[in-house]
Amino acid sequence: MKVVSNTASLDVRLSVMCGQVFRWRELPDGRLLGADGDNWWLVTFVDDAFVVEGNGDSVDWGRYFRADEDWPAHASTVRRLAPELAPYMDVLPGLRLLRPSDAVEETFSFLCTSNNHLSRISGMVGALAGYGPTLASVEGYEVHRFPTVERISDIPESELRQKGFGYRAATIPVAARQIVERGGKAWLDGLKETDYPQARLELLQLSGVGPKLADCICLFALDHTEAVPVDTHVWQAATRLYFPELAGTSLTEKRYRQVGDHFRDKLGDLAGWAHQFLFYENLLNWRRR
DNA sequence: TAGGGACCTGCC
DNA sequence: GCAGGTCCCT
């Protein structure tokens, strides 16, 4: 398929590179090559528009970028209910909440993120993707479909160690086995239908999944858009904006809940999208603060 | 419930 | 030293 678009409310590059998904790479000429579930995409930018090529159709593309939602209206709502976030939205216009199609892909991507930085995370997620079948060969790059939980559960820890996964080499296959025991991908997908608190509780039982990862999986993989993953960046921003008396203290379970509830009380189902502006702005600028 | 340290590896 | 944490221990 080929789609041409100049949707002003969508910045493709920002949305796929800000850490919601980890399957995109920027080609030397500036084009973007990405994978999501069964799909691969090649995005070319021309002036203020972009052209999309890939094996999916406009429905797949639209689902991924939540084209069914009124983003300008969302932005107005957040600016009205949380005006203190406006400066952060101003510097990151067009950032959308994505809806990745494969919960397994997102779950194991986030298992690579603990105590880690973006460049290494992408490499590790790419290494995991290498265990899946080839989707296509595009511009000389092999694009893989992310492997199944069953395949991941079979990977020896030693092999992942060798590939540089560090201590995550131990938790990743174990978490895969735990998911397989519960029913595999169907179980994970089923958590989309349970409510957010319950889904979060179930995810917390998995090895290597703590409060922050559970919320990432809820938000990005399970469509629980009220989830607010509180990491070091969101914690810094939240203490700066809302809880100055807590600045510099450690992020305990109680404080973690305080931050998430604060966003949910204010913004409801828009909390997960809104928090993303604080997260990414702080990630880009924390060294200067 | 809060605080502290270990854990892999790589980059500032 | 410190990364988009988790787990285990006072």
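In what follows, chains carry the letters A, B, and so on, assigned in the order in which the sequence lines appear, proteins first and then strands, with residues in each chain numbered from 1.
Across the C1' atoms, C/dG4 and B/dA2 are found 23 Å apart, a figure rounded to whole Å. Using P as the reference atom, C/dG5 and B/dT1 are 22 Å apart when rounded to the nearest Å. To the nearest whole angstrom, the two P atoms, one in B/dC8 and one in C/dC9, are 16 Å apart.
Residue A/Thr113 has no polar side-chain atom (N or O) positioned under 4.0 Å from OP1 or OP2 of C/dG4. Between A/His117 and B/dC11 there is no side-chain polar atom (N or O) within less than 4.0 angstrom of OP1 or OP2. Contact between the side-chain N/O atoms of A/Arg120 and the OP1/OP2 oxygens of C/dC2 is not found at any separation under 4.0 Å. Under 4.0 angstrom from either OP1 or OP2 of B/dA2 there lies no side-chain N or O belonging to A/Ser250.
The nearest whole Å value for the distance from the CG atom in A/Asn116 to the C1' atom in C/dA3 is 7 Å. Taking atom CD1 of A/Ile172 as the reference point, atom C1' of C/dG5 lies 13 Å away to the nearest angstrom. Look at CG on A/Leu251: it is 14 Å from P on C/dC7, rounded to the nearest Å. Here the P atom of nucleotide C/dT6 and the CZ atom of A/Arg168 are 11 Å apart, to the nearest Å. With rounding to whole Å, A/Phe110 atom CZ is found 18 Å from C/dA3 atom P. Summarising the geometry, the separation between CZ on A/Phe165 and P on B/dG10 is reported as 12 Å, rounded to the nearest angstrom. Rounded to whole angstrom, the span from the CZ atom of A/Phe243 across to the P atom of B/dA2 amounts to 13 Å. With rounding to whole Å, A/Leu204 atom CG is found 13 Å from C/dG5 atom C1'.
A salt bridge links A/Arg200 with A/Asp215: the distance from a Lys NZ or Arg NE/NH1/NH2 to an Asp or Glu carboxylate oxygen falls below 4.0 Å.
If you check every strand for non-hydrogen atoms under 4.0 Å, A/Ile121 touches nothing. Nucleic acid contact for A/Val234: none, since no nucleic acid atom lies under 4.0 Å from a heavy atom of the residue. Within the 4.0 angstrom heavy-atom criterion, no nucleotide atom of any strand lies near A/Cys112. As judged by a 4.0 angstrom heavy-atom cut-off over every strand, A/Pro211 is placed among residues touching the sugar-phosphate backbone only.
Residue A/Lys212 places no side-chain atom within donor-acceptor reach of the base of C/dG5, judged by atom type and a 3.5 Å distance cut-off alone. Contact of A/Tyr167 with C/dG5 (side chain to base): a donor-acceptor pair of N or O atoms is detected under 3.5 Å. Remark: the A/Arg161 side chain and the B/dC8 base include no donor-acceptor N/O pair separated by less than 3.5 Å.
Nearest-nucleotide assignment on DNA chain C puts the 5′-proximal partner with A/Gln20, out of A/Gly208 and A/Gln20.
Among the nucleotides C/dG5, C/dT6, B/dG3, the one closest to any side-chain atom of A/Asn115 is C/dG5. Which of B/dC11, B/dA2, C/dG5 sits closest to the side chain of A/Ser119 comes down to B/dC11. Comparing atom distances between the A/Leu213 side chain and each of C/dG4, B/dG3, C/dG5 picks out C/dG5 as nearest. Distances were taken from every side-chain heavy atom of A/Lys254 (C-beta onward) to each of B/dC11, B/dT1, C/dG4; the shortest belongs to B/dT1.
Taking the six-membered ring for Trp and the full ring otherwise, A/Phe110 and A/Phe22 have centroids separated by under 6.0 Å.
Separating the CG atom in A/Leu118 from the CG atom in A/Leu283 is a distance of 6.5 Å, to the nearest 0.5 Å.
Nucleotide C/dC2 forms a pair with B/dG10, judged by Watson-Crick or G-U wobble geometry with both contacts under 3.5 Å.
Relative to the ring axis of A/Phe45, A/Arg13 places its NZ or CZ within 45° and under 6.0 Å from the centre.
The heavy-atom pair separating A/Gln276 from A/Phe220 by the smallest distance is OE1-CZ, 3.5 Å.
In the model, A/Tyr64 has no side-chain atom that pairs as donor or acceptor with a side-chain atom of A/Asn39 under 3.5 Å.
A/Trp24 and A/Leu33 fall into different hydrophobic clusters, where Ile, Leu, Val, Met, Phe, Trp and Tyr side chains are chained together by heavy-atom contacts under 4.5 Å.
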